[in-house]
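Following: one structure in structure tokens, then a few remarks.
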Number of protein chains: 2
Amino acid sequence: MTPSEQLDATFIALADPTRRAILARLMGGEASVNELAEPFSISQPAVSKHLKILERAGLVSRSADGTRRPVKIEAGPMKEAADWLEKYRRFWEQSYKRLDALLEILQTPVNQSEKPTPTKRSDKDA
Amino acid sequence: MTPSEQLDATFIALADPTRRAILARLMGGEASVNELAEPFSISQPAVSKHLKILERAGLVSRSADGTRRPVKIEAGPMKEAADWLEKYRRFWEQSYKRLDALLEILQTPVNQSEKPTPTKRSDKDA
DNA sequence: GTGTTATAGAACGATTTGGTTATGAACTGG
DNA sequence: CCAGTTCATAACCAAATCGTTCTATAACAC
């Protein structure tokens, strides 16, 4: 899986409220499929499908334990997604800094700065 | 739009490599639709659709300028998504700490705890 | 064994996505 | 006014999502 495909799978997995709720639930510890299905008022096969999408992204793992398949949260891919977003956090922080700088410049008395559009006025003035 | 729907829209928007590339391109400054379409070898209407999804998530904004509709990146929703992921970053950092603590506990002489699978470790270690 | 429980999978349907081409609307410039 | 540019929209298609119900598998309990 390429890094881009990994990001695809992770963001797709996070783009559903049921799956985010499943992850939130799993932060409290492992859970079986039926335990996960109960509070969501959706059928068990629907939860199995969500788990497959989460598994595809590497966000959860399962361990066979008899008939149970306890689901456990995995952090790795989420960190990659967070790192990706971090790049943009830096960008918009820079933007705010640039905006601050611009506001400061706009408050200084602007007398003789550069002309934005140097229209070729040749004979009338200057 | 509820916060959950906002997160849905944001993660959906980020779950496509073309849209992530568009955002990356926009970090270099505003761009017109055709400028965005060119490097991706997809049609202009396809880019318009991607922009609509990005706009729905509030990740980009457009300003009417004649026939041009320059596209600009917006930081707000991305920050919300990053904050959401941050919660999980804290979780897995805690997990690592708990793992460290567990490993430490496991190295202390365990005498009388419950044993689910009492492997025959009778006299050597402990 | 039989029966129950836990889970996966097949089959189906409605909706959404991501792409296309063709067309229409709005502004620009001669 | 006419022509060209920029962009959005409509119509369409293939594939994926998200849900359902029904069934099959696998392990446990009796």
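Everything quoted here is computed from the prediction, not taken from an experiment. Reminder, nothing fancy here: chain letters follow the sequence lines and each chain counts from 1.
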Atom [atom1] of [X] and atom [atom2] of [N]: how far apart are they, to the nearest Å?
{"X": "Leu54(B)", "N": "dC7(D)", "atom1": "CG", "atom2": "P", "answer": "16 Å"}
{"X": "Glu30(B)", "N": "dC7(D)", "atom1": "CD", "atom2": "P", "answer": "12 Å"}
{"X": "Arg68(B)", "N": "dT28(C)", "atom1": "CZ", "atom2": "C1'", "answer": "11 Å"}
{"X": "Asn34(A)", "N": "dA27(D)", "atom1": "CG", "atom2": "P", "answer": "17 Å"}
{"X": "Glu35(B)", "N": "dT6(D)", "atom1": "CD", "atom2": "P", "answer": "9 Å"}
{"X": "Ile42(B)", "N": "dG19(C)", "atom1": "CD1", "atom2": "P", "answer": "5 Å"}

Which protein N or O atoms sit under 3.5 Å from an N or O of nucleotides 8-12 of chain D?
{"unit_1": "dA8(D)", "atom_1": "OP1", "unit_2": "Arg62(B)", "atom_2": "NH1", "d": "3.1"}
{"unit_1": "dA8(D)", "atom_1": "OP1", "unit_2": "Arg62(B)", "atom_2": "NH2", "d": "2.7"}
{"unit_1": "dA8(D)", "atom_1": "OP2", "unit_2": "Ser48(B)", "atom_2": "OG", "d": "2.4"}
{"unit_1": "dA8(D)", "atom_1": "N7", "unit_2": "Gln44(B)", "atom_2": "NE2", "d": "2.7"}
{"unit_1": "dA8(D)", "atom_1": "N6", "unit_2": "Gln44(B)", "atom_2": "OE1", "d": "3.3"}

For Gln44(B), which residues count as a side-chain hydrogen bond (donor to acceptor under 3.5 Å, both in side chains) partner, sequence neighbours excluded? Ser48(B)
Can you pull the salt bridge (charged side-chain N to carboxylate O under 4.0 Å, His left out) pairs that have at least one residue in [range], sequence neighbours excluded?
{"range": "residues 73-85 of chain A", "value": "Lys72(A)-Glu74(A), Lys79(A)-Asp83(A)"}
{"range": "residues 50-64 of chain B", "value": "Glu55(B)-Arg62(B)"}
{"range": "residues 2-20 of chain B", "value": "Asp8(A)-Arg20(B), Arg20(A)-Asp8(B)"}

When you measure from the side-chain N and O atoms of His50(A) to the phosphate of dG19(D), is any distance below 4.0 Å, counting only OP1 and OP2? yes
Is there a side-chain contact between Ser43(A) and the phosphate of dT20(D), meaning an N or O under 4.0 Å from OP1 or OP2? yes
Sorted by number, residues from residues 1-24 of chain A placing a heavy atom under 4.0 Å from DNA chain C are none
Less than 4.5 Å apart, side chain to side chain, heavy atoms only: is that true for [X] and [Y]?
{"X": "Met27(B)", "Y": "Tyr88(A)", "value": "yes"}
{"X": "Leu23(A)", "Y": "Leu54(A)", "value": "yes"}
{"X": "Ile73(B)", "Y": "Ile22(B)", "value": "no"}

Spatial distance of atom OG1 (Thr18(A)) from atom CG (Leu36(A)) [nearest 0.5 Å]: 11.5 Å
So, Thr10(A) versus Gln6(A): side-chain donor-acceptor pair below 3.5 Å or not? yes
